[in-house]
Amino acid sequence: MEKRWGGVFREKTAPSVEQFTESISFDWRLYRQDIAASIAHAQMLGAVGLLSAEEVEKLTKALEDIGLMIDRGELPFRQELEDIHMHVEQALVDRLGELGKKLHTARSRNDQVATDLRLWVREAIDQIDKKIEALQRAFVARCDQDEGVIVPAYTHLRRAQPVLAAHMWLAYCERFGRDRERLADCRRRVNLSPLGAAAIAGTSLPIDRDQTARALGFAGILENSIDASCDRDFIAEFLFCLALTAIHLSGWAEDWILWSSTEFGFLSLPDAYCTGSSIMPQKRNPDVLELVRGKCARVIGDLQTILVLLKGLPLGYNRDLQEDKVPLFDAFDTVSACLEIAAEVVSAARLDRNILQQAVEVGFLDATTLMEFLIRRGIPQRDAHHVVGRLVRRAIESGRRLAEISLEEFRQEIGDVGPEVFSCLGARNAVQAMQSAGSTHPEQVALQVRRWKERLGIK
Ligand code: ARG
């Protein structure tokens with residue numbers, strides 16, 4: 001088959017080169033965008049008089065048909081046709097003959113692929129956003145389910161202070177909320193049209209870039225044709241958004257791997273979400289969570305790939321850019337899959353209230369509230385810290401909790417104090433003692449839950 005670009009060539013392309021340079025094996029995923037952008041382009045060519053109304057109609061119809069054919073898997077992909085753009089065009093020529101060859105008027109594959117990619121990323125952003133939202137909903141639903149349950153919060157992976165489980169679920173929601181904001185911000189830069197930049201310099205033909213931009217739902221056009229033809233910042237940005245989402249997922253996965261271990265025992269994962277061992281019959285492993293944690297590495301790698309791909313590229317389109325799709329598709333697929341399974345696991349897991357009730361009374365989680373009780377009585381923080389440190393030592397040595405120390409002993413350390421000292425001891429009291437905005441006090445947490453329900457439109 002003669003190449004579209006073959007005019008100047010005397011020799012046929014080596015089969016090894018065709019194999020090496022093809023991208024149809026992965027960029028077929030852009031076909032819907034390629035068809036949509038081609039239709040918009042054809043209609044614009046009609047509007048400015050470069051095609052007749054009849055020609056536009058035929059092209060539009062044929063492009064739609066080709067789209068349906070690809071939907072049904074009926075368009076064979078051929079290495080020698082390089083990429084999705086050539087496949088669509090060849091199918092057009094097969095149907096319409098000479099007319100099919102007119103579609104590429106005032107267009108280059110450079111602005112074509114840039115347009116397809118922006119349309120694809122725009123849709124990908126919307127899909128990821130929905131999936132993150134579904135995960136947030138799962139966490140918010142847990143807040144009701146786990147209402148009143150107190151869990152230990154950790155710093156340095158050592159028990160720190162008691163908090164409401166819902167407080168922790170909403171901490172994840174906040175992270176994912178920022179991920180969604182970042183995606184929305186990224187989307188603004190994605191949603192501009194490069195179409196009409198042509199190869200690099202624009203075109204001497206009287207095209208209307210605003211028309212194609214509008215037809216494709218872009219908010220406007222990219223102003224500089226050189227930049228428009230080769231900018232891939234938007235892919236790097238999108239992959240950063242995905243990488244950070246993957247990092248947030250992996251942090252959550254790690255928390256729940258620990259929490260569901262025999263050592264912690266705070267959380268149980270239903271059998272449907274565990275996998276077994278081929279040799280140890282007793283094992284129920286958290287492979288799903290481990291893979292969420294592990295797949296994050298791939299996504300960070302994808303971000304790295306696009307950054308290194310772009311580094312040092314001269315201005316203008318370079319074929320290196322064909323490689324942008326590999327990490328793009330991989331990161332999208334990986335994060336999509338992780339988000340979906342994460343939402344399921346979040347809904348399916350159960351807290352073990354008995355174990356948690358005991359756990360929050362071990363490890364002096366109320367020491368900080370006791371210290372603050374002393375501060376309220378006028379003791380300088382540094383001294384209060386020391387006094388409570390001595391009380392903790394006393395408790396450790398006698399195998400007691402702070403709440404089990406006698407009033408007599410408190411008086412030895414603190415001086416004049418009444419039984420009100422016990423009102424800040426024990427996990428529930430420590431939680432109740434909180435006051436600050438955003439703290440784990442039940443009212444503060446209830447406020448957060450209400451806000452999230454409002455934001456997510458949950459009744
Ligand atoms: N398959 C190519 C890519 O993905 C399309 C653009 C090719 N442009 C060119 N001048 N060879 O980047």
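In what follows, residues are counted from 1 in the order of the sequence shown. Counting starts at 1 for both ligands and their atoms, following the listed order.
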Show me a pair-per-line table, with atom names and distances to 0.1 Å, of protein N or O atoms that are under 3.5 Å from an N or O of ligand 1.
from: ligand 1; atom 1: 1 (N); to: Ser23; atom 2: OG; distance (Å): 3.3
from: ligand 1; atom 1: 1 (N); to: Asp83; atom 2: OD2; distance (Å): 2.9
from: ligand 1; atom 1: 1 (N); to: Gln322; atom 2: OE1; distance (Å): 2.8
from: ligand 1; atom 1: 4 (O); to: Lys325; atom 2: NZ; distance (Å): 2.6
from: ligand 1; atom 1: 8 (N); to: Asn110; atom 2: OD1; distance (Å): 3.1
from: ligand 1; atom 1: 10 (N); to: Asn110; atom 2: OD1; distance (Å): 3.1
from: ligand 1; atom 1: 12 (O); to: Tyr317; atom 2: OH; distance (Å): 2.3

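Annotation: cation-pi geometry not satisfied between Arg109 and Tyr317 (NZ/CZ under 6.0 angstrom from ring centroid, within 45° of ring axis).
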**Request:** Applying side chain to side chain donor-acceptor pair (under 3.5 Å), run through Glu344 and Ser347 and close with a yes or a no.
**Result:** CA-CA 5 Å; Glu344 285 185 42; Ser347 306; over 6 Å; no

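Classified by interplanar angle (parallel below 30°, tilted 30° to 60°, perpendicular above 60°), the ring pair Phe264/Tyr154 is tilted. In this pair, Phe332 and Phe238 present their aromatic rings tilted. The plane angle is within the 30 to 60° band.
Remark: of the listed residues Asp333, Asp116, Asp330, Asp83, Asp333 is the sole one forming a salt bridge (Lys or Arg N to Asp or Glu O under 4.0 Å) with Arg29. For the pairing with Arg232, the salt bridge (Lys or Arg N to Asp or Glu O under 4.0 Å) check across Asp227, Asp324, Asp320 returns one residue only, Asp324.
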